[in-house]
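Here is the structure we will look at, set down as structure tokens.
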Amino acid sequence: MKHDESLKHDEILKDKDGHPLIQRYKPNERTNHWITAITFVLLAVSGLALFHPAMSWMAVFLGGGQWTRILHPFIGLVMFASFLILVIRFWHHNFLDASDRQWLRQMPDVLANREEKLPRIGKYNAGQKLLFWALIVSMLGLLLTGFVMWRAYFSHLFPIGLIRVASLLHAFFAFVIIMSIIVHVYAGIWIKGSMGAMVRGTVTWGWARKHHPRWFEDEVRKRNR
Amino acid sequence: MALQSLDIKRISATTVQPPVAREPVTGTVAKLIDVSKCIGCKACQTACSEWNDLRDDVGENIGVYDNPIDLTPQSWTVMKFAEHENNDGNLEWLIRKDGCMHCEEPGCLKACPAPGAIVQYTNGIVDFHQENCIGCGYCVTGCPFDVPRISKKDNRAYKCTLCSDRVGVGQEPACVKTCPTGAIVFGTKEDMKTHAAERIEDLKSRGYENAGLYDPAGVGGTHVMYVLHHADRPALYSGLRNNPSISPVVGAWKGLTKPLALAGMAAAALAGFFHYTRVGPNEVSRKEEEEAVHDAQRIAEERHETR
């Protein structure tokens, strides 16, 4: 009967429907994530304003053209710093293994909500892991090319040919990161309960077992230790 | 400035057609700089400062006549003095008036992300409208001639306007007006080409076999042209580009990449929307929640049994 008591202890944390909850993200991790997310949105809209005439109106979000030009690179530095802390927190969860490769091969099952057919996933699935690495690569690329393009302070240090290549690459990495985040945001909307993980920090046991069964088992074992 | 009276052909960061019904019936204009007639007096530089109310900072003499050393936000034209030793061992002083070339296909305008900051009039003049400039420096990145300069004072880009304000009321640019040797002339591009042909013929008769007109095709021709004694080697004239064109990197950045990337992002967002409306959200059922509780109990029991 001892284990029942321990379960009872766990059940202090419950959602509105009475389902027991597991903590997935601590408050500092959530804050860190949302700082990165908010700066990303500001950078995406201001960057698009500078990228395509159809998006020029988006310069209003940072207060017009001149302010967009002034603020965009500084906000970029904030995003990079914030993301760097996320990387330090989470890098060890993000190495692909054999079951991740199997998961990727079964993309049609993933997209059709047939997770019962998928290999048992740990804390993150292959999609989340690939996003993590795509973000690292594109953020580094954006940082380095961004410095070369930063006319007010740094461009005079570089030859014009390098500035031109940096401008093209900056647009390329921006495209990669925006596409990645579109997928990331959509996954958060599609998989109900994910948003709760980043807003409240918790997920239900059912959610954890359905989407991340190996992580669920580990968490339950930790509780019963 | 209202667009109607300016007869604008292209506007930066604008995808729709500007009003083009009015067009100069005599064709575009051009300034012809006859390098062989230039004495390097810099009257044109002074006239430019006077007319445009520009006063550059006093610089330092580094032992050459170039003054200032390069174009600045306050010096829209600068005489560049190149010493060239010809095949006969004689010194030739190749003096070139540097400044905006007013390209028919302007790299600055192509690269500019600020709507209305750079315009090209139907007469061929490329003009910066500083009130719309955001100071990003993309025009510098786009220019094949290294002409635009960003002011540190107001973070806006400046360059030669070809005195669009004077030309707009039927006058010639200030540098043309003041040139004491007639080395700079202004008129329709066709007339300037005719005039240049006469000058080139004259130069050839005087032994400059390679004399020719500098009107580079790589940028669709320019509305500032040079008569050069050594038209086969423009680079002799303080690094005038031999075959200038908009860099293919800039072309890719501000060409096909732009609409393709935007279409890709829109497609990704739409794909998400349609996936959601076809497959639906992925939700955890009440039954699955109960199963998880049982599973947790089972795991806890296993642990106790193995203990």
Side-chain angles (χ1 to χ4, degrees), chain A residues 2-4 6-7 10 17 19-20 48-56 59 64-66 68-70 111-113 115 149 151-152 155 160-161 163-165 167-168 171-172 174-175 178-179 182-183 185-186 189-193 204-211 216-217 220-221 223-225, chain B residues 12-16 111 113-115 117 132-138 140-143 146 150 152 155-156 247 249-250 252-254 257-262 264-265 268-269 271-273 275-276 279-293 295-297 299-301 303-304:
Chain A
K2 200 163 180 243
H3 58 269
D4 279 341
S6 71
L7 279 182
D10 290 333
D17 299 320
H19 300 127
L48 284 170
L50 296 172
F51 180 65
H52 195 291
M55 304 282 143
S56 291
Q66 282 266 344
T68 297
R69 187 265 306 164
I70 295 167
L111 291 173
N113 293 344
E115 54 280 285
M149 289 178 81
R151 181 63 59 178
S155 289
I160 188 75
I163 297 172
R164 286 174 182 152
V165 172
S167 304
L168 180 61
F172 170 74
F175 175 71
I178 291 173
M179 291 294 272
I182 287 173
V183 175
V185 169
Y186 176 67
I189 294 168
W190 166 37
I191 308 291
K192 296 298 163 200
T204 64
W205 286 17
W207 186 95
R209 180 172 165 277
K210 184 181 174 82
H211 300 299
F216 173 65
E217 272 183 32
V220 172
R221 288 212 178 89
R223 277 155 190 270
N224 294 305
R225 208 161 277 164
Chain B
S12 61
T14 304
T15 49
V16 294
N132 297 324
C133 174
I134 65 172
C136 63
Y138 286 9
V140 182
T141 308
C143 176
D146 183 29
I150 314 283
K152 287 278 173 205
N155 282 291
R156 286 163 209 274
S247 160
V249 179
V250 173
W253 172 39
K254 288 293 173 179
T257 306
K258 246 177 7 172
L260 275 187
L262 211 60
M265 293 171 205
F273 176 77
H275 177 260
Y276 198 89
V279 176
N282 186 321
E283 289 165 310
V284 183
S285 66
R286 189 178 289 270
K287 185 164 157 282
E288 283 169 323
E289 291 292 357
E290 283 164 11
E291 280 170 6
V293 174
D295 231 15
Q297 271 170 348
I299 292 163
E301 276 163 19
R303 278 200 75 80
H304 284 289

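Residue numbers start from 1 in every chain, and the chains themselves are labelled A, B, ... in the order their sequence lines are given, proteins ahead of strands.
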Legend entry - Residues A:L111, B:V279; criterion side chain to side chain contact (heavy atoms under 4.5 Å, CB included); working and verdict: CA-CA 8 Å; A:L111 291 173; B:V279 176; 5.9 Å; no
Inset, instruction - Evaluate the side chain to side chain contact (heavy atoms under 4.5 Å, CB included) criterion for residues B:T257 and A:F175: first the C-alpha distance (whole Å), next the side-chain angles of each, then the deciding distance (0.1 Å), finally the verdict. - result: CA-CA 10 Å; B:T257 306; A:F175 175 71; over 6 Å; no
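Residues A:P20 and B:V293 approach most closely at CG-CG2, 3.9 Å, considering heavy atoms. Annotation for B:P281 and A:K192: closest pair CB-CE, 3.5 Å, computed over non-hydrogen atoms. Closest non-hydrogen pair, B:I134 versus A:R69, comes out as O-NE, 2.6 Å. Considering every non-hydrogen atom in both A:F216 and B:D295, the closest pair reads CE2-CB, 4.1 Å. Heavy atoms only, all atoms of each residue included: B:A292 and A:R209 are closest at CA-CD, 3.5 Å. Shown here for A:I160 and B:T141, the closest heavy-atom pair between the two residues is CD1-CA, 3.8 Å.
Here the CD atom belonging to B:E288 is positioned 10.5 Å from the NE2 atom belonging to A:H19, to the nearest 0.5 angstrom. For the atom pair CE of B:M265 and CD1 of A:I182, the computed distance is 7.0 Å after rounding to the nearest 0.5 Å.
The candidate with the highest count of non-hydrogen atom pairs below 4.5 Å against chain A, out of B:G142, B:A114, B:G280, B:A269, is B:G280. Residue with the most contacts toward chain A among B:V140, B:D146, B:I150: B:V140 (heavy-atom pairs, distance under 4.5 Å). Chain A forms the most heavy-atom pairs under 4.5 Å with one residue out of B:P113, B:S12, B:S285, and that residue is B:P113. If you tally non-hydrogen atom pairs under 4.5 Å between each of B:K254, B:K258, B:E283 and chain A, the highest count goes to B:K258. Note: B:H275 leads B:K287, B:E291, B:H275 in heavy-atom pairs under 4.5 Å with chain A. Ranked by heavy-atom pairs under 4.5 Å with chain A, the list B:R286, B:R156, B:E290 is led by B:R156.
For B:P115, the side chain to side chain contact (heavy atoms under 4.5 Å, CB included) test picks out A:S56, B:A13, B:T14, with sequence neighbours left out. For the side chain to side chain donor-acceptor pair (under 3.5 Å) test, no residue two or more places apart in sequence or in another chain qualifies with B:K152.
Heavy-atom distances place both the backbone and the side chain of B:A261 under 4.5 Å from chain A.
Between B:Y138 and A:R151 the shortest side-chain heavy-atom distance does not fall below 4.5 Å.
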